[in-house]
Amino acid sequence: MPRTARKAGDGPRRLTKTEIAILAYVGEHEGEGCSKSAIAESLGRNVKTIDRLVSALRADGLLVVEPRWAENGGQLANCYRLARAK
């Protein structure tokens, strides 16, 4: 199902099965460093699909990504967590 632009006030959109699976995976591994490729492998999906859906979940405010860095400045696997209601 293609994603369509939503207008402000349209209400929440329906999540795809893969988006729900991503949120479940993150909930089970919250605070751990994990790569999109690890998520993709776990869910049996393509890395590009996971990348696109993680971006959409971030834009919708459902997922928070915390970059992690090594002492030498290299980037490590990100830490993902579920956004919490305030």
Can you give each donor-acceptor pair under 3.5 Å made by side-chain atoms of residues 21-30, sequence neighbours left out, with the distance rounded to 0.1 Å?
from: H29; atom 1: ND1; to: Y25; atom 2: O; distance (Å): 2.9
from: E30; atom 1: OE1; to: R84; atom 2: NH2; distance (Å): 3.0
from: E30; atom 1: OE2; to: L82; atom 2: N; distance (Å): 3.0
from: E30; atom 1: OE2; to: R84; atom 2: NH2; distance (Å): 3.2

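Separation of atoms CZ (R52) and CD1 (I50) is listed at 9.0 Å; rounding is to 0.5 Å.
At least one side-chain heavy atom of L53 sits less than 4.5 Å from a side-chain heavy atom of T49. R58 is not listed as a side-chain neighbour of V64, based on a closest heavy-atom distance of 4.5 Å or more. Side chains of R13 and L15 form a contact here, defined as non-hydrogen atoms less than 4.5 Å apart.
In this structure, the side chain to side chain donor-acceptor pair (under 3.5 Å) partners of S35, at least two apart in sequence or on a different chain, are S37. N78 is linked by a side chain to side chain contact (heavy atoms under 4.5 Å, CB included) to V65, P67, Q75, Y80, counting only residues two or more places apart in sequence or in another chain. Applying the side chain to side chain donor-acceptor pair (under 3.5 Å) test to D51 and every residue at least two apart in sequence or in another chain returns K36. The side chain to side chain donor-acceptor pair (under 3.5 Å) test applied to S55 returns no partner, not counting sequence neighbours. When the salt bridge (Lys or Arg N to Asp or Glu O under 4.0 Å) test is applied to R45, no partner is found at least two apart in sequence or on another chain. Among residues two or more places apart in sequence or in another chain, the side chain to side chain contact (heavy atoms under 4.5 Å, CB included) test is passed with A59 by none.
A donor-acceptor pair under 3.5 Å is absent between the side-chain atoms of D60 and the main chain of L62, judged by distance alone. In this structure, E41 contributes its side chain and A38 its backbone to no donor-acceptor pair below 3.5 Å.
For the salt bridge (Lys or Arg N to Asp or Glu O under 4.0 Å) condition, the pairs that include at least one residue of residues 66-75, sequence neighbours left out, are E66-R81. Sorted by first and then second residue, the ring-ring contact (aromatic ring centres under 6.0 Å, His included) pairs with a member in residues 44-64 form an empty list; sequence neighbours excluded.
Smallest separation of non-hydrogen atoms from G61 and A83: O-CB, 3.0 Å.
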